[in-house]
Amino acid sequence: MEELAEAQKQLAEAQKRTEQRGEELAEAQKRTGEELRALTRRVDGLTGEVGNLRGDLLEIQYRQRAFSFFGKIVSRVKVVDLQEVWDRLKEQLGEEELDHLLALDLLLSGRLNLPWAARIGVDEVWLAVEVSAVVDRQDVERAWERAALLRRAGLQALAVAAGHRWTEGAEKEAERKGVVLQKDGQIKFVEQALGIVKEVEG
């Protein structure tokens, strides 16, 4: 009987230790889950930051090598700071519209290449450029809206969305709205964009 009582006592202690280990394991698993969620948040944040850095770097490349990217459309390409035309813009646009223009990634001016210049009767044009690693519909829409504001202020502006690649949706929207797409030396929809400028001039 004493041996049986001792065995039961040891069994109870073993069960108690097992339960305690189970609680410790559950607590450790909970901590691991929290750490994994925190790590996931950090990775997501870093992914976003890396994406922003890629976009910033791409914007710098377009700014520094403007002629390389847009020489097929314009010559004598010049990067323009918005403040150079700010007084002109303020005369024609409201405060909210000006704020919208301040977010423009890049503004360029240049002489429109032949035969386009002769065809539409415009010499100097402006390029309202939105830069994104992957150009999507929103980039195309922003470029279109900002170029339209510049045209309202009297500048013959083409909308341009530029990046490493573009989505199918961006391509369809750009063709429909007359927004130039540019990637890796490939340029599309210049004719459509120039058609808008010609309409404004006419």
Side-chain angles (χ1 to χ4, degrees), residues 44 47-63 65-66 69-70 72-74 77 79-86 88-110 112 116 120 122 124-202:
D44 288 345
T47 300
E49 288 180 26
V50 168
N52 290 338
L53 287 173
R54 284 182 64 207
D56 290 345
L57 180 59
L58 189 59
E59 189 176 322
I60 290 169
Q61 289 174 338
Y62 271 94
R63 184 175 296 274
R65 300 177 53 218
F69 290 112
F70 300 109
K72 290 180 180 178
I73 305 172
V74 291
V77 182
V79 176
V80 181
D81 191 310
L82 269 177
Q83 67 181 338
E84 293 180 37
V85 292
W86 196 248
R88 185 173 178 178
L89 297 175
K90 279 179 20 181
E91 289 175 6
Q92 302 296 327
L93 303 175
E95 189 174 334
E96 189 174 324
E97 294 167 324
L98 291 170
D99 287 344
H100 196 46
L101 272 179
L102 284 172
L104 181 64
D105 290 336
L106 182 61
L107 179 62
L108 304 172
S109 69
L112 185 61
W116 291 320
I120 69 170
V122 171
E124 183 184 48
V125 293
W126 301 73
L127 305 181
V129 186
E130 287 299 314
V131 180
S132 181
V134 179
V135 175
D136 60 19
R137 280 180 184 268
Q138 286 74 29
D139 298 309
V140 170
E141 181 69 24
R142 281 194 297 272
W144 183 83
E145 288 172 355
R146 289 165 184 165
L149 290 174
L150 291 170
R151 286 192 295 271
R152 276 188 46 205
L155 304 178
Q156 290 86 19
L158 306 180
V160 181
H164 288 308
R165 63 185 182 90
W166 57 66
T167 65
E168 185 179 338
E171 188 170 5
K172 288 178 180 175
E173 188 73 0
E175 183 175 21
R176 187 176 74 81
K177 288 204 160 184
V179 175
V180 176
L181 288 182
Q182 202 286 345
K183 67 171 181 177
D184 300 329
Q186 182 183 1
I187 294 179
K188 295 185 82 168
F189 310 130
V190 177
E191 293 286 349
Q192 290 88 332
L194 288 172
I196 293 173
V197 172
K198 187 175 181 180
E199 285 174 17
V200 172
E201 282 296 290

Item to check | Val74 and Val125: CA distance, side-chain angles, deciding distance, side chain to side chain contact (heavy atoms under 4.5 Å, CB included) verdict | outcome: CA-CA 8 Å; Val74 291; Val125 293; 3.3 Å; yes

Would you call [X] and [Y] a side-chain contact if the rule is heavy atoms closer than 4.5 Å?
X      : Y      : value
Val129 : Leu108 : yes
Lys177 : Glu141 : yes
Gln186 : Lys188 : yes
Phe189 : Leu181 : yes
Leu150 : Leu107 : yes
Leu98  : Leu89  : yes
Leu104 : Glu130 : yes

Item to check | Under 3.5 Å donor-acceptor, Asp136 side chain and Asp139 backbone | outcome: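 Side chain of Asp136 to backbone of Asp139, a donor-acceptor pair under 3.5 Å: yes, one is there.
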
Checklist entry - Is it true that a side-chain atom of Arg151 and a backbone atom of Leu158 form a donor plus acceptor pair closer than 3.5 Å? => result no

Item to check | Trp116 side chain to Glu191 side chain, donor-acceptor N/O pair below 3.5 angstrom | outcome: yes

Next on the checklist: Restricting to non-hydrogen atoms, name the atom on Ala143 and the atom on Ala128 that form the minimum distance, rounded to 0.1 Å.
Outcome noted: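 Closest heavy-atom pair between Ala143 and Ala128: CB-O, 4.2 Å.
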
Item to check | Stepwise side chain to side chain contact (heavy atoms under 4.5 Å, CB included) test for Ile73 and Leu112 | outcome: CA-CA 6 Å; Ile73 305 172; Leu112 185 61; 4.0 Å; yes

Checklist entry - What's the verdict on side chain to side chain contact (heavy atoms under 4.5 Å, CB included) for Val85 and Trp126, showing C-alpha distance, side-chain angles and the deciding distance? => result CA-CA 12 Å; Val85 292; Trp126 301 73; 3.7 Å; yes

Rounded to the nearest 0.5 Å, what separates atom [atom1] in [X] from atom [atom2] in [Y]?
X      : Y      : atom1 : atom2 : answer
Gln192 : Glu175 : CD    : CD    : 5.5 Å
Leu194 : Gln156 : CG    : CD    : 11.5 Å
Asp56  : Gln61  : CG    : CD    : 11.5 Å

Item to check | Salt bridge present between Glu145 and Arg142 (N-O < 4.0 angstrom) | outcome: no

Checklist entry - Charged N to carboxylate O below 4.0 Å: is that the case for Glu97 and Arg152? => result yes

Next on the checklist: Using the rule given for side chain to side chain contact (heavy atoms under 4.5 Å, CB included), can you reason through Asp105 versus Arg63, listing the C-alpha separation, both sets of side-chain angles and the distance that settles it, and then say yes or no?
Outcome noted: CA-CA 9 Å; Asp105 290 336; Arg63 184 175 296 274; over 6 Å; no

Item to check | Phe69 and Tyr62 aromatic ring geometry - parallel, tilted or perpendicular at 30°/60° bounds | outcome: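 Judged by the thresholds at 30° and 60°, the geometry between Tyr62 and Phe69 is parallel.
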
Checklist entry - Which residues satisfy the salt bridge (charged side-chain N to carboxylate O under 4.0 Å, His left out) test with Glu124, sequence neighbours excluded? => result none

Quick one: side chains of residues 161-169, donor-acceptor pairs under 3.5 Å with protein atoms, not counting sequence neighbours, listed by atom name and distance.
{"from": "Trp166", "atom 1": "NE1", "to": "Glu171", "atom 2": "OE1", "distance (Å)": "3.4"}
{"from": "Thr167", "atom 1": "OG1", "to": "Ala170", "atom 2": "N", "distance (Å)": "3.0"}
{"from": "Glu168", "atom 1": "OE2", "to": "Lys172", "atom 2": "NZ", "distance (Å)": "3.3"}

